[in-house]
Amino acid sequence: MMASAAQDTSSQDIERWQGLAGADLIAAVYEAYDNKFAVVSSFGTESAVLLHLTAQVDPNIPVLFLDTGKLFGETLRYKRVLIAQLGLTQVRAVKPDQDEVDAEDPKGALWLRNPNACCAMRKVRPFATALRPFSAWATGRKSYQGDARAGLSHVELDGSRVKINPLASWRRAEIEDYFDRFDLPKHPLEAEGYASVGCMPCTTPVTTGEGQRAGRWRNQDKTECGIHLPSGAAAAL
């Protein structure tokens with residue numbers, strides 16, 4: 001039986017990794033976990049930065065992509081562009097269970113009457129299954145995105161897994177500079193005012209002065225899909 005990451009990872013490791021960011025953090029944790037490490041990406045407006053950093057470490061690192069069946073066509077096309085440009089070889093589409101979709105959302109409108117249940121079916125449960133082989137994973141979250149992400153640390157323990165946020169301390173200006181420095185393509189919807197892109201029915205453009213994620217689940221008491229919530233809270237969705 002595979003030992004848990006929490007058991008295998010010492011407090012010295014966590015402390016040392018907290019002092020790292022960007023590619024240095026990805027490389028350190030990847031070295032520790034090898035094929036038990038994955039990156040999760042939405043291929044959204046800022047995803048190219050984390051994916052470029054990942055490719056610099058090793059383009060063969062698995063990248064888990066939640067293909068919910070409700071994404072913008074622009075996101076799917078952008079994914080293909082980034083895969084080709086960055087040379088990523090292990091992008092794995094994570095899809096909802098079709099039997100669950102047929103039973104719980106036969107008309108495709110669950111997002112309208114119960115967005116938490118839709119996220120649980122299309123994101124949280126499929127992602128939990130896809131993550132089972134891995135002991136550590138990386139996200140593209142940043143502290144400046146606000147709400148539950150304010151004060152985000154570089155390294156967390158997510159149940160039995162190590163969860164790293166290589167861009168947690170990066171500022172928005174640093175993200176923009178990175179795009180320019182490495183000539184990374186922008187998500188096509190960004191030019192239309194979409195600062196953060198998720199599923200099509202639950203994503204709207206933002207206006208001047210609004211937060212980056214204001215267009216996600218607009219006018220609802222919801223700011224996260226659930227995959228970044230503590231396991232108990234996510235299971236309750």
Side-chain angles (χ1 to χ4, degrees), residues 1-9 14 26 29-30 32-44 47 50-51 54 61-71 75-76 79 88 90-106 108 110-111 114-141 145 147-149 152-166 168 196-199 201-203 213 216-217 220 222-237:
M1 179 181 297
M2 183 181 68
S4 72
Q7 293 170 328
D8 289 342
T9 304
I14 295 293
I26 295 171
V29 178
Y30 179 47
Y33 287 98
D34 193 27
N35 64 348
K36 298 297 182 182
F37 172 73
V39 171
V40 59
S41 177
S42 66
F43 285 82
S47 295
L50 178 65
L51 294 171
T54 299
I61 293 174
V63 176
L64 306 181
F65 167 66
L66 282 163
D67 188 350
T68 65
K70 294 288 186 181
L71 300 178
T75 296
L76 298 175
K79 176 175 72 76
L88 301 169
Q90 293 293 324
V91 177
R92 305 176 185 181
V94 178
K95 298 184 178 183
D97 181 271
Q98 190 58 49
D99 289 339
E100 290 188 13
V101 174
D102 293 342
E104 299 179 32
D105 194 16
L110 183 60
W111 64 271
N114 193 336
N116 280 338
C118 189
C119 283
M121 179 188 68
R122 295 182 181 275
K123 291 186 174 183
V124 178
R125 295 199 295 271
F127 183 69
T129 299
L131 202 58
R132 283 175 188 162
F134 301 101
S135 298
W137 59 296
T139 88
R141 296 179 300 162
Q145 291 171 321
D147 295 319
R149 303 183 180 193
L152 192 66
S153 64
H154 285 142
V155 185
E156 308 171 80
L157 284 178
D158 178 32
S160 64
R161 294 181 179 86
V162 167
K163 180 179 182 180
I164 64 170
N165 307 296
S196 176
V197 177
C199 290
C202 299
T203 306
R213 291 175 60 81
R216 303 291 293 276
W217 305 286
Q220 299 183 50
K222 180 178 175 65
T223 60
E224 295 282 349
C225 68
I227 67 170
H228 296 303
L229 295 177
S231 56
L237 289 178

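Side chains included, hydrogens not; waters and symmetry mates left out as well; all remaining heavy atoms used.
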**Q** Looking at NZ of K163 and CG of L152, how far apart are the two atoms once the value is rounded to the nearest 0.5 Å?
**A**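 Spacing of NZ (K163) from CG (L152) equals 8.0 Å.
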**Q** Would you call K123 and C199 a side-chain contact if the rule is heavy atoms closer than 4.5 Å?
**A**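 When only atoms from C-beta onward are counted, C199 and K123 do touch, with a gap below 4.5 Å.
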**Q** Keeping the roles fixed (side chain from T203, backbone from G198), state whether a donor-acceptor pair exists under 3.5 Å.
**A**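 Answer holds: yes.
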**Q** Would the distance check show the side chain of N165 and the main-chain N or O of S153 forming a donor-acceptor pair, the cut-off being under 3.5 Å?
**A**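 Side chain of N165 to backbone of S153, a donor-acceptor pair under 3.5 Å: yes, one is there.
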**Q** Evaluate the side-chain proximity of K222 to C202: yes if any heavy-atom separation is below 4.5 Å, no if none is.
**A**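 Counting from C-beta outward, C202 and K222 never come under 4.5 Å.
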**Q** Picking from Y30, F127, Y33, what satisfies ring-ring contact (aromatic ring centres under 6.0 Å, His included) with W137?
**A**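 Going through Y30, F127, Y33 one by one, the ring-ring contact (aromatic ring centres under 6.0 Å, His included) with W137 is satisfied by F127 alone.
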**Q** Could you give the distance from NE2 (H228) to OG1 (T139), rounded to the nearest 0.5 Å?
**A**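 Between atom NE2 of H228 and atom OG1 of T139 there are 5.0 Å.
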**Q** Does the side chain to side chain contact (heavy atoms under 4.5 Å, CB included) test come out yes or no for I227 and L66, once each step is laid out?
**A** CA-CA 10 Å; I227 67 170; L66 282 163; 3.9 Å; yes
**Q** For the residue pair L64 and A130, what are the closest heavy atoms and their distance?
**A**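 Closest approach of L64 to A130, heavy atoms only: CD1-O, 4.2 Å.
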**Q** From I61 CD1 over to N35 CG, what is the distance, rounded to the nearest 0.5 angstrom?
**A**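 Rounded to the nearest 0.5 Å, the CD1-CG separation comes out at 11.5 Å.
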**Q** Please check: side-chain N/O of K95 versus main-chain N/O of P126, any donor-acceptor pairing under 3.5 Å?
**A**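 Looks like no, no N/O pair under 3.5 Å.
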**Q** Closest heavy-atom contact between R122 and G69?
**A**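 In this case the closest contact between R122 and G69 is NH1-CA, 4.4 Å.
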**Q** Quick one: does any side-chain atom of D67 pair with a main-chain N or O of A93 as donor and acceptor, under 3.5 Å?
**A**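 No, because the side chain of D67 does not come within donor-acceptor range (under 3.5 Å) of the backbone of A93.
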**Q** Roughly how far, to the nearest 0.5 Å, is the CG atom of L131 from the CZ atom of R161?
**A**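 It comes to 4.0 Å.
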**Q** So which heavy atom on V63 is nearest to which on S41, and how close?
**A**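 Heavy atoms of V63 and S41 come nearest at CG1-CB, 4.0 Å.
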**Q** When you measure from the side chain of D97 to the backbone of E100, do you find a donor-acceptor pair of N or O atoms at a distance under 3.5 Å?
**A**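 Yes.
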**Q** If you take all heavy atoms of I14 and V155, which pair is closest and at what distance?
**A**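 Result for this residue pair: CD1-CG1, 3.6 Å.
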**Q** In sequence, state the C-alpha distance, the side-chain angles, and the governing distance for L71 and F65, and then conclude on side chain to side chain contact (heavy atoms under 4.5 Å, CB included).
**A** CA-CA 11 Å; L71 300 178; F65 167 66; 3.4 Å; yes
**Q** Mind listing the closest non-hydrogen atom pair of I164 and I26 along with its distance?
**A**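 Scanning both residues completely, I find the closest heavy atoms to be CD1-CA, 4.2 Å.
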**Q** Taking all non-hydrogen atoms of both residues into account, name the closest pair between A136 and V29 and its distance.
**A**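 Closest approach of A136 to V29: CB-CG1, 3.9 Å.
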**Q** Would a distance-only check, ignoring hydrogens and angles, find a side-chain to backbone donor-acceptor pair under 3.5 Å from R92 to P62?
**A**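 Here the side-chain-to-backbone pair does not exist.
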